[in-house]
Amino acid sequence: QVHLVESGGGLVQAGGSLRLSCAASGRTFGNYAMGWFRQAPGKEREIVAGISGRGRTTYYADSVKGRFTISRDNAKNALYLQMNSLKPDDTAVYYCAARSTSIAGTEPQSYDYWGQGTQVTVSS
């Protein structure tokens, strides 16, 4: 069982930056691939970025490549998402999720544990 809690969301102007954090419970955090997803009103939940259990492999959605960076600190049971050059289209609730394998995945249904989400709002 993994319990996930996101933090770091908020309101920012276009072009600004935010850093999201996700704190995870459990002693085997490194056994789980992790992902950041987002869901805007009226839209489906979509992958933003994923990272393998040891952090050696990462994945980014085309819409965030070059602007967002996913990272993890297994010693601290923590996942991060550094978001730069934010755009109004990035406005959404952001969720961290854990997958019961060390291999990163992109489909929401392949993730087993989810946080409660944190709101990110980017004003124009």
Side-chain angles (χ1 to χ4, degrees):
Q1 191 78 8
V2 178
H3 183 60
L4 304 171
V5 179
E6 303 96 334
S7 61
L11 173 64
V12 64
Q13 288 188 331
S17 298
L18 282 175
R19 189 192 195 208
L20 304 183
S21 298
C22 176
S25 64
R27 296 176 291 176
T28 58
F29 181 63
N31 290 348
Y32 294 85
M34 300 295 294
W36 284 102
F37 291 79
R38 67 186 181 187
Q39 188 166 18
K43 295 187 177 181
E44 294 186 352
R45 191 169 297 190
E46 62 177 3
I47 183 78
V48 175
I51 189 166
S52 61
R54 294 187 178 185
R56 294 175 180 173
T57 304
T58 57
Y59 167 87
Y60 295 94
D62 288 342
S63 59
V64 306
K65 280 181 181 177
R67 300 188 298 123
F68 291 10
T69 302
I70 188 171
S71 62
R72 65 190 297 162
D73 185 337
N74 287 349
K76 296 182 178 179
N77 280 15
L79 177 73
Y80 306 102
L81 185 69
Q82 178 65 43
M83 305 186 294
N84 299 328
S85 302
L86 282 160
K87 305 174 181 179
D89 284 349
D90 294 319
T91 295
V93 177
Y94 283 70
Y95 300 89
C96 72
R99 191 165 181 250
S100 298
T101 170
S102 61
I103 301 172
T106 62
E107 296 298 323
Q109 56 267 31
S110 72
Y111 284 77
D112 303 295
Y113 305 100
W114 293 83
Q116 82 289 349
T118 186
Q119 177 71 47
V120 171
T121 303
V122 184
S123 63
S124 58

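Using a distance-only test at 3.5 Å, with no hydrogens or angles considered, no donor-acceptor pair links the side chain of Ser102 to the main chain of Ser52. Under the 3.5 Å distance criterion, the side-chain polar atoms of Arg67 are matched with a main-chain donor or acceptor of Ser85. For the pair Asp90 (side chain) and Ala14 (backbone), a donor-acceptor distance under 3.5 Å is absent. Put simply, the side chain of Gln39 never gets that close to the backbone of Ala92: no donor and acceptor are under 3.5 Å apart. Judged by distance alone, with hydrogens and angles left aside, the side-chain atoms of Tyr95 form no donor-acceptor pair with the main-chain N or O of Glu6 at under 3.5 Å.
Here the closest non-hydrogen pair linking Tyr80 and Ser21 is CD2-OG, 3.5 Å. Looking at every heavy atom in both residues, Thr69 comes nearest to Tyr60 through CA-OH, 3.4 Å. The two residues Asn74 and Gly53 have their closest heavy-atom pair at ND2-O, 2.9 Å.
When the side-chain contact (heavy atoms from CB on, under 4.5 Å) test is applied to Asp89, no partner is found at least two apart in sequence or on another chain. Partners of Arg54 according to the side-chain contact (heavy atoms from CB on, under 4.5 Å) rule, which considers only residues two or more places apart in sequence or in another chain, are Arg56.
Checked options Thr118, Leu81, Leu4; the residue passing with Cys96 is Leu4 (criterion: side-chain contact (heavy atoms from CB on, under 4.5 Å)). Considering Thr121, Asn84, Leu11, Leu86 as possible partners of Leu18, the one that fulfils the side-chain contact (heavy atoms from CB on, under 4.5 Å) test is Leu86.
Using a 4.5 Å cut-off between side-chain heavy atoms of Ile, Leu, Val, Met, Phe, Trp and Tyr, with links allowed through other members, Leu20 and Phe68 fall into the same hydrophobic cluster. Residues Met34 and Phe37 are members of separate hydrophobic clusters, defined by side-chain heavy-atom contacts under 4.5 angstrom among Ile, Leu, Val, Met, Phe, Trp and Tyr. Under a hydrophobic-cluster definition in which Ile, Leu, Val, Met, Phe, Trp and Tyr are linked whenever side-chain heavy atoms come within less than 4.5 Å, directly or via other members, Val2 and Phe29 are assigned to the same cluster. Hydrophobic clustering keeps Ile47 apart from Val64 (ILVMFWY residues linked when any side-chain heavy atoms are closer than 4.5 Å, directly or through intermediates). Hydrophobic clustering (ILVMFWY, side-chain heavy atoms < 4.5 Å, transitive): Val12 and Met83 are in one cluster.
Within a 6.0 Å radius of CD in Gln109, more than 12 heavy atoms belonging to other residues, nucleotides or ligands are found.
If you check the side chains of Tyr111 and Arg99, you find no donor sitting under 3.5 Å from an acceptor.
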